[in-house]
Trainee: 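Have a look at the structure that comes next, please.
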2 protein chains.
Amino acid sequence: MKEAFKALADPTRRKILDLLKENDLTAGEIAAEFSISKPSISQHLKILKTAGLIEDEKDGQYIYYHLNTTVFQELISWAMSFTQGGNTDA
Amino acid sequence: MKEAFKALADPTRRKILDLLKENDLTAGEIAAEFSISKPSISQHLKILKTAGLIEDEKDGQYIYYHLNTTVFQELISWAMSFTQGGNTDA
DNA sequence: TAAGTATTTAGGTAATTAACTAAATAATAA
DNA sequence: TTATTATTTAGTTAATTACCTAAATACTTA
């Protein structure tokens with residue numbers, strides 16, 4: 001979770017997640033949506049992957065990225081613990 | 001939300017939120033839980049407040065801080081949009 | 001094997017952030 | 001009013017981050 005919070009702090013990375021919500025995409029397809037360099041996008045993808053928010057899958061020459069929902073679910077539980085219903089005490 | 005993601009990236013700020021989950025606390029009481037200086041804690045409180053995660057209330061000489069659950073609820077909605085059930089398409 | 005495409009790694013720089021100390025502001029109590 | 005306590009603001013510094021270009025790696029195709 002620690003890594004996820006840091007990963008989510010950057011707007012470029014949140015936009016990458018938004019794109020992956022629609023479709024699985026290659027690193028190149030993701031980079032094409034931004035005006036920043038491919039190496040920079042590659043760095044962002046690495047950070048998202050380290051945080052467990054995305055996973056990659058190699059398909060020949062390409063690397064496809066897709067969301068991993070596990071950490072999002074953890075995030076939901078975390079945030080719920082701060083709302084009325086989220087109190088685990090009796 | 002943009003500010004909230006940035007605010008949540010720091011572990012000190014997340015620990016402050018954990019403390020406020022239990023009780024409303026003054027800035028001094030919060031600072032006492034950490035080994036960092038009071039001015040630094042004050043800065044963190046300002047960031048959390050700007051992000052809408054906490055609110056303050058003056059009581060004489062003291063300033064009490066408490067959670068504001070609104071942004072946590074927004075965060076839950078945001079995270080849910082990335083999980084299976086969260087798709088708004090038909 | 002050689003050339004081309006996709007992606008990452010390496011190394012460097014500018015901007016941001018988190019911490020500090022010192023000083024300012026606000027309220028209370030003597 | 002003066003002293004004390006609580007908290008924030010101001011200014012500085014060290015660490016982190018986000019970006020860049022250049023080079024390396026991996027795969028495909030001729």
Side-chain angles (χ1 to χ4, degrees), chain A residues 1-68 71 75, chain B residues 1-68 71 75:
Chain A
M1 288 277 285
K2 187 172 168 298
E3 294 301 323
F5 283 117
K6 268 167 64 175
L8 294 172
D10 184 85
T12 298
R13 289 194 288 265
R14 291 198 303 276
K15 191 178 165 191
I16 290 173
L17 295 174
D18 282 335
L19 292 170
L20 293 176
K21 190 155 63 170
E22 306 303 323
N23 292 300
D24 295 0
L25 295 168
T26 67
E29 286 169 337
I30 292 166
E33 298 285 336
F34 296 87
S35 53
I36 62 184
S37 73
K38 286 179 185 186
S40 294
I41 294 296
S42 181
Q43 294 271 56
H44 284 306
L45 290 170
K46 189 179 182 176
I47 289 165
L48 288 168
K49 195 176 142 189
T50 299
L53 292 161
I54 64 174
E55 291 172 340
D56 59 359
E57 194 179 349
K58 206 159 203 170
D59 181 12
Q61 198 171 4
Y62 301 92
I63 298 175
Y64 277 89
Y65 283 92
H66 59 88
L67 294 178
N68 176 13
V71 176
L75 204 69
Chain B
M1 288 276 287
K2 187 171 166 300
E3 295 302 322
F5 283 117
K6 267 167 64 176
L8 293 172
D10 185 85
T12 296
R13 289 193 289 266
R14 290 197 304 277
K15 191 179 164 192
I16 290 173
L17 294 173
D18 282 334
L19 291 170
L20 292 176
K21 191 157 61 170
E22 305 304 323
N23 291 301
D24 296 359
L25 296 169
T26 67
E29 287 169 337
I30 292 165
E33 297 285 336
F34 295 88
S35 53
I36 63 186
S37 74
K38 286 177 184 185
S40 294
I41 294 295
S42 180
Q43 294 273 55
H44 284 306
L45 290 170
K46 189 179 182 178
I47 290 166
L48 288 168
K49 195 177 141 187
T50 300
L53 291 162
I54 64 173
E55 292 172 338
D56 59 0
E57 195 179 348
K58 206 158 201 170
D59 182 11
Q61 196 173 6
Y62 302 92
I63 298 174
Y64 277 89
Y65 285 92
H66 59 90
L67 294 179
N68 175 12
V71 177
L75 204 70

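Below, read A as the first sequence line, B as the second, and so on, with proteins coming before strands; counting in each chain starts at 1. Being a predicted model, the structure only gives us computed values, none of them experimental.
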Trainee: Tell whether Gln61(A) reaches the base of dT28(D) with its side chain through a donor-acceptor pair below 3.5 angstrom.
Mentor: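 In this structure, the two groups form no donor-acceptor pair.
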Trainee: Mark yes or no for whether Arg13(A), through its side chain, and Leu8(A), through its backbone, hold a donor-acceptor pair below 3.5 Å.
Mentor: no
Trainee: State whether Ser40(B) places a side-chain N or O below 4.0 Å from either non-bridging phosphate oxygen (OP1 or OP2) of dA18(C).
Mentor: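 So the side-chain polar atoms of Ser40(B) never come under 4.0 Å of the phosphate oxygens OP1 or OP2 of dA18(C).
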Trainee: How many whole angstroms separate atom NZ of Lys38(A) from atom P of dA18(D)?
Mentor: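 Interatomic distance, NZ of Lys38(A) to P of dA18(D): 22 Å.
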Trainee: For Tyr65(B), answer base if it contacts any base atom (sugar-phosphate contacts may also be present), sugar-phosphate if it contacts only those atoms, and nothing otherwise; contact means non-hydrogen atoms under 4.0 Å.
Mentor: sugar-phosphate
Trainee: For Ala7(A) versus Leu48(A), what's the shortest heavy-atom pair and its separation?
Mentor: CB-CD2, 4.2 Å
Trainee: Give a yes or no answer on whether the side chain of Asn23(B) reaches the backbone of Leu25(B) with a donor-acceptor pair at less than 3.5 Å.
Mentor: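 A pair under 3.5 Å: no.
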Trainee: Want to settle it: does Pro39(A) or Ala9(A) sit nearer the 5' end of DNA chain D, counting the closest nucleotide to each?
Mentor: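 Closest to the 5' end, via its nearest nucleotide, is Ala9(A).
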Trainee: Which whole-number value in Å describes the distance from Lys46(A) NZ to dT17(D) P?
Mentor: 13 Å
Trainee: Taking only the side-chain nitrogens and oxygens of Ser42(B), find out if one of them lies under 4.0 Å from OP1 or OP2 of dT7(D).
Mentor: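 False: Ser42(B) side-chain N/O out of range (4.0 Å or more) of dT7(D) OP1/OP2.
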Trainee: If I take atom CD in residue Glu29(A) and atom P in nucleotide dT5(C), what distance separates them, rounded to the nearest angstrom?
Mentor: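 Distance, rounded to whole Å: 17 Å.
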Trainee: Expressed as a whole number of angstroms, how long is the span from Phe5(B):CZ to dT17(C):P?
Mentor: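 Computing the Phe5(B):CZ to dT17(C):P distance gives 16 Å.
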Trainee: Using a heavy-atom cut-off of under 4.0 Å over every strand shown, decide if Lys6(A) touches base, sugar-phosphate, or nothing.
Mentor: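 Touches sugar-phosphate only.
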Trainee: Taking only the side-chain heavy atoms of Arg13(B) (C-beta and beyond), determine which of dA18(C), dT8(D), dT7(D) contains the nearest atom.
Mentor: dA18(C)
Trainee: Starting at atom CD1 of Ile54(A), determine the distance to atom P of dT7(C), rounded to an integer number of angstrom.
Mentor: 13 Å
Trainee: Quick one: which of Asp24(A), Val71(A), Leu45(A), Ile47(A) gives a side-chain contact (heavy atoms from CB on, under 4.5 Å) with Ile54(A)?
Mentor: Leu45(A)
Trainee: Using atom CD of Gln43(B) as one end and atom C1' of dA6(D) as the other, report the distance to the nearest whole Å.
Mentor: 16 Å
